[in-house]
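Model, not experiment: these values are computed from the prediction. Heavy-atom basis, side chains included; hydrogens, waters and symmetry copies ignored. Residue numbers start from 1 in every chain, and the chains themselves are labelled A, B, ... in the order their sequence lines are given, proteins ahead of strands.
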Amino acid sequence: MTPPDGQIEPAQDLLASLTDEQRLAAETTEGPVLVVAAAGSGKTRVITRRIAHLISMGIPSWQILALTFTNKAAGEMRERVELLLADAGMGERVRRGLTVTTFHALCARLLRRYAPMMEGAPRWGIHADYTIYDTDDQVALMKGILKEMNLESSRWPPRTVLSVISDAKNRLEDAEEFEKSAMDFYSRSVAKIFSAYEKGLRLANAVDFDDLLTLTVRLLRECEEARTEVQQRWRYLMIDEYQDTNHAQFVLATLLCGRDEETGDAPNIFVVGDPDQSIYGWRGADITNILEFGEHYPGAKVIRLGQNFRSTAPILKVADTLIRNNKKRIHKDLYTSDEGGDAPEVVLCADEHHEARLAVDWFKKLHEEGALTWKDMAVFYRNNALSRVMEDALRTANVPYVIARGTAFYQREEVRDLLAYLRVLANPSDDVSLKRIVNKPARKIGKTSLSRVEEEASMQGRPIMEALRTASSIAGLSPAATKAMAKFVTLFDEWSQGGTFMGTSMETPLSDLVSRVLVQSGLQAHYRAAAERSEGDAEKPANLDELVSAAAEFEERYDPSADPALQPLPDGSPPETPPLLAMLRAFLESVALVADADKVDPAAGAVTLMTLHAAKGLEFGAAAMIGLEEGLLPSARALEEDPEGEEERRLCFVGITRAMRHLIITCAKYRTIRGLRERTVPSRFLSELPQDSIRVSDQSEAFEEFEYWDDDEPRAPSTGASRAPRRAPSSSSGAGSPARKRELAQLAFGVGSNVRHAQFGIGEVKSISGAGVNLRATIAFRDVGTKTLVLQYAKLTPV
DNA sequence: AAAACTGCATCTCAA
DNA sequence: ATGCAGTTTT
């Protein structure tokens, strides 16, 4: 493989294994290029070969920028390029400086680098140590703002307001512009909230996910120096999944590649995408970006990749037939040379338990046949709630599985707590994080004292931390409170060494700092004590330790020379950021930007469970798609905006095209939704499939007859799951007074009696509370700790 | 100040 | 069935 003298191998060999159309795409290196790549047509192959090809042609790798939507996609792309280059005999030196990253990470980086130049700008300036607010932080901030504005959060649901604001930001509209176009009462009110929200973010020196994009656009538009530097460095821009870019990302791309606003002329922008896989409309993705690429970039070359290398002919036929039902679409021919393969199966199941077991049995059968391992299999569903029953089935069947929820770990209470400490340490203005931890663990800074300080802070327009520093001069605070506050402030001063973070020395590694914060904040003791008391909190101390490990791992990967905060400033002066602080920021940033899809680990020997959105871009030997029912897929919410359900159909299309050889699609006749067992309607998409290319079977009856009851011991008829569809028990019996119900419940499950739960095991009833449909029992389970169950639905039997 | 209780709303999807 | 916010209890 490697040429003997280590010389660069002729570029032809890098492209040797490509088809003619793929090769054309990889070789078209100059000018704007759009590659319309059908599912499974090898677009990642094309991008990676193209990068390697460019480098082999002598283009310095630091001039190449490739953008993706997830870290995982970026990581894989980088890896494959490195492999190609190594195979071609090119050393590490050649690929140094190559940038393959996500939109959001690139923006975070640019904002850090150029933050000093934006600080002067009053309304949008941020400091380099800004915090990235995720959805939960946004909601917390928004709640505070609504409260301050005396708006009921019932009439102004924070998430709804935030989504209106997010839409505006994605259109690159700021609060002021939004207000100008706000005519009706509702949007005028939102405009006021928008403006207050922005103020809150800037005061906290925080940005939300949308800001990462919009502020970067603003930076590149308004700061010529930054724009020039960026455009001169990156001469070859590549964007993956271009169909999912929103307006802000579109504009960002024009700025990065140096598109001429007048003529549309642009040097080298290369985008790859598939309009049929556009599934992020709700996040502002604008499909016209890809459809009108030719108009945006006159003279663009368009290359179509139609040959599918992934799926068998029957699977492809099913996908193609389905997607043809979309009216707003440019038809592409999908074809494959892989003619064999089984027909995909469509099964009507009795309910979600049947569905789950059916899928597990199907996986086991495939596994036994030997051609596939667990990691070649996946389950796709429309929403996360659908994973639970599937997990249970896999667990009882002892089939290893992983759920693709990369963000789940970082959303745990205890982990967020520790991160909040770290965030305040890196950015003392971060009020949302500060409020989260100021009295956790309890340190005598109660609600009343804190609201006094908050009041003072907001009057002076300063962050809470600053007000805490001057607590002794705030009227109306008890000496005890002042003292507690001083102690709290001291904690942070000691961790940051009075803000110096040890200056330029790096004696303290990041993991030591994190570990010290964990211990000295009192969080560790707090959660250890909690773990003693309650089974449910048992794993919290371990999760905290895991975050320390994550910091240690990050430390290994971290490359200070690549940290924009440690580069000399654009004006040539040396960086001011202490290395430890820079590393802390970079760590927090990497945590903020993990995606669910990042957790899909091909090395894990396990079946992967994920949403259809997370599945995009992946492929599996065998895939099960569950919950093909009206209201779920297509989802009821999505149909409100788009009655045709075209995006939902594309989502279904994405799922089908992930499967290489085996595909099963299921639909349950009954499904428990919000505790109520309900009759379902099969998805419209099922009837759109080519009936002669699939095998349809109705197994719902058989399951009810023979399988339903054989999993564990019989349940008490009065409380067991009913096989027939069932509503809430009728209250027409007349004996429905709360007192009477409580009495009945205590007869069945008296306080102190032992009960068995199908899932949680054996436990002791501690108390009975509530009334009517809300009658609940608090039960201390032996294995899983104390839970409160609604008696009406809980599957309990007396022991 | 923490824990328990209760009424109420609720489930997309996610960087 | 679960999670929350606000309230009551310990």
- [ ] With sequence neighbours excluded, give me every salt bridge (Lys or Arg N to Asp or Glu O under 4.0 Å) pair touching residues 139-154 of chain A.
- [x] none
- [ ] Could I get the full list of salt bridge (Lys or Arg N to Asp or Glu O under 4.0 Å) partners for A:R171, not counting sequence neighbours?
- [x] A:E173
Open item on the list: Could you report the tightest heavy-atom contact between A:Q243 and A:Q277, atom names first, then the distance?
Closed with: NE2-O, 3.5 Å
Task: Separation of atom CD in A:E152 from atom C1' in B:dC8, rounded to whole Å - done: 15 Å
TODO: Using salt bridge (Lys or Arg N to Asp or Glu O under 4.0 Å) as the criterion, list what pairs up with A:D286, not counting sequence neighbours.
DONE: none
Task: With A:E648 via salt bridge (Lys or Arg N to Asp or Glu O under 4.0 Å) - residues at least two apart - done: A:R382
TODO: Would you mind listing every salt bridge (Lys or Arg N to Asp or Glu O under 4.0 Å) that reaches into residues 624-634 of chain A, with sequence neighbours excluded?
DONE: A:E629-A:R671, A:E630-A:R684
- [ ] Mind checking ring pair (Phe, Tyr, Trp, His ring centres under 6.0 Å) for A:Y381 and listing every partner two or more places apart, or none if nothing turns up?
- [x] none
Open item on the list: What is the separation between atom CZ on A:R155 and atom P on B:dC8, rounded to the nearest whole Å?
Closed with: 19 Å
Open item on the list: Generate the contact string for nucleotides 10-15 of chain B. Rules: B means base contact, S means sugar-phosphate contact only, - means no protein heavy atom under 4.0 Å.
Closed with: B-BBBB
Open item on the list: Considering every strand and a 4.0 Å limit on heavy-atom distances, what is the contact class for A:K143: base, sugar-phosphate, or nothing?
Closed with: sugar-phosphate
Between the protein and nucleotides 6-10 of chain C, list every N/O to N/O distance that falls short of 3.5 Å.
none

- [ ] Under the salt bridge (Lys or Arg N to Asp or Glu O under 4.0 Å) rule, collect the residues that match up with A:D210, sequence neighbours excluded.
- [x] none
Task: Separation between the C1' atoms of B:dC13 and C:dC4, rounded to whole Å - done: 22 Å
